[in-house]
2 protein chains.
Amino acid sequence: MSQSLNVVGSATYQRIKRDIIFGELAPASRLKLDKLRERYGASVSTLRETLNRLASEGFVDAQDQRGFFVTPTSRNDLIEIANLRILLECHALRLSVEKGNTDWEGNVVSAYHKLNLIENKLHAGDESLKEDWKRYDWEFHLALIEACGSRNLLSLHSVLYDKYLRYQMLVLTYRGEDAIDEHRDIVNAALERDVDLAAESLRLHIQVGLEHTLEVLE
Amino acid sequence: MSQSLNVVGSATYQRIKRDIIFGELAPASRLKLDKLRERYGASVSTLRETLNRLASEGFVDAQDQRGFFVTPTSRNDLIEIANLRILLECHALRLSVEKGNTDWEGNVVSAYHKLNLIENKLHAGDESLKEDWKRYDWEFHLALIEACGSRNLLSLHSVLYDKYLRYQMLVLTYRGEDAIDEHRDIVNAALERDVDLAAESLRLHIQVGLEHTLEVLE
DNA sequence: CAGGACTTAAGAATCGAATATGATGTCATA
DNA sequence: TATGACATCATATTCGATTCTTAAGTCCTG
């Protein structure tokens, strides 16, 4: 979303955020400025800008005079995140399906196609594609709701998506054919402009994903 | 919400945010680091931390190599904000009305009572109470949804509330008896545990407020 | 007069040093 | 031995100076 686009700054922002989402910076672990300076090659000031930003998005915990920590994970937090994602994403999908024009349909079909290719490969056992899968899944879900007409809604949603993604990355398992089927159901309903069915399919998709993640999560 | 509580930092954060919401830093105006340093007595680094934070909350626009600007306002943005507030706050209210215990009821009654006192004074023409009114209105709306059981939801909501508030402050007018009545309807329905009616009353309250603001806005 | 290259000034981005704070360990005293 | 004062250290916070980028003039040339 709204990049604070400079050179060192936005680069470290991207990298730290990515490392948190992909679990390379473990939940609840401490983020010492000096260590981060080594690791990311940026000065304390730049790092602090980044960390403050991530703190307000909820990926980092800022504690008074005690520094920064990766936001801890919990089952309860995951449930909250998933439910909020359902609330926002289904709402956005409804609007999008109502308003979407030809370009929107094209983007949805294209994103779905690309996601499908990757998912079939993943299903065939190629584990090296996790990073790609993440990108295509994101682009698919985004394409679906992009015609909702609310920048603010899309912006809130993107943060939620990333938070949810962190939990998925934590458990690391791929759901396989089920996810493929669910995606298909959503696309079909969306393209047929069946608002209710599309929203319900999406809700189910997230719900099932949540349950799956909760199960695997220790 | 989640304070990055230090001394200089959090103080300037609070002050700048307040100044944006209350219109003392006008929409779309440029935020030069030097000027801000004079005005808030903090160094560039500290200011940049603050501004980055406000940027990720959406109160400030950060443009690559061109600095910071107060996020501009627009009718369309206002509409988006109001609709999102309806979506999140009504959802939270439903949960809260379902789950709220005795303490919750007590807080709601208390917050409502205090808001009522202020609103009657405002209605009687005492304009000096704007800052107080803001606080009590916030505490009222928060009390209602506080038992929703989702920290994440409350956190998203609080940002939205503030964004909406900025528009209210922009038009400066007080809606009078109508608002008083609307608040009463919400409380009554909430205390009677009529989930649907409470949510609908709240939706109406925000909707009417939106239309009022849109009308006055230029 | 129009358009482009050069110069200059304003301001943003970045940095490492200086300061302040909280955590930890040590010692004296009851 | 338990407790509290004190010193020490690790680390967060804050700052102003330095470097880099962009925007605005200015001048030269066709």
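Order of the sequence lines sets the chain letters (A, B, ...), proteins ahead of strands, with each chain counted from 1. Atom set for the values below is all heavy atoms of this structure, side chains included, hydrogens, waters and symmetry mates excluded. Please read all numbers here as calculations on a predicted model, not as lab measurements.
Nucleic acid contact class of Thr46(B) (heavy atoms, under 4.0 Å, all strands): sugar-phosphate only.
Against DNA chain C, the stretch residues 32-39 of chain B makes heavy-atom approaches under 4.0 Å through Lys32(B), Leu33(B).
A straight line from CD of Gln65(A) to P of dA10(D) spans 19 Å, rounded to a whole angstrom. One interatomic measurement links the two molecules: OH of Tyr13(B) to P of dT14(D), which rounds to 15 Å at whole-angstrom precision. Remark: C1' of dA13(C) and CG of Leu51(B) are 13 Å apart, rounded to the nearest angstrom. Between the C1' atom of dA12(C) and the CZ atom of Phe68(B) lies a distance of 8 Å, rounded to the nearest Å. One interatomic measurement links the two molecules: CG of Asn52(B) to P of dA12(C), which rounds to 13 Å at whole-angstrom precision. For the pair Tyr40(A) OH and dA13(C) P, the computed distance is 22 Å after rounding to whole Å.
Of the listed nucleotides (dT21(C), dC15(C), dC15(D)), dC15(D) has the atom at the smallest distance from the side chain of Ala42(B).
Look at Arg66(B) and you'll find a side-chain N or O under 4.0 angstrom from OP1 or OP2 of dA23(D). Taking side-chain N and O atoms only, Arg48(A) has no distance below 4.0 Å to OP1 or OP2 of dA12(D). Dashed line: the shortest gap from a side-chain N or O of Ser43(B) to OP1 or OP2 of dT14(D) is not under 4.0 Å.
Proximity of a side-chain donor or acceptor of Arg75(A) to a complementary backbone N or O of Leu214(A) within less than 3.5 Å is detected. A donor-acceptor distance shorter than 3.5 angstrom exists from the side chain of Thr71(B) to the backbone of Gly58(B), with no hydrogens or angles considered.
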Check: Can you check salt bridge (Lys or Arg N to Asp or Glu O under 4.0 Å) on Lys17(B) and Glu57(B), steps first, answer last?
Finding: CA-CA 10 Å; Lys17(B) 184 166 174 178; Glu57(B) 289 175 17; 3.4 Å; yes
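Note: Tyr112(A) and Phe140(A) have tilted aromatic rings, judged against thresholds of 30 and 60 degrees for the angle between ring planes.
Contacts of Tyr161(B) classified as ring-ring contact (aromatic ring centres under 6.0 Å, His included), with partners at least two apart in sequence or in another chain: Trp138(B). For His91(A), there are no ring-ring contact (aromatic ring centres under 6.0 Å, His included) partners, not counting sequence neighbours.
Figure legend: cation-pi geometry between Arg166(A) and Phe22(A) absent, as NZ or CZ is not positioned both under 6.0 Å from the six-membered ring centre and within 45° of its axis.
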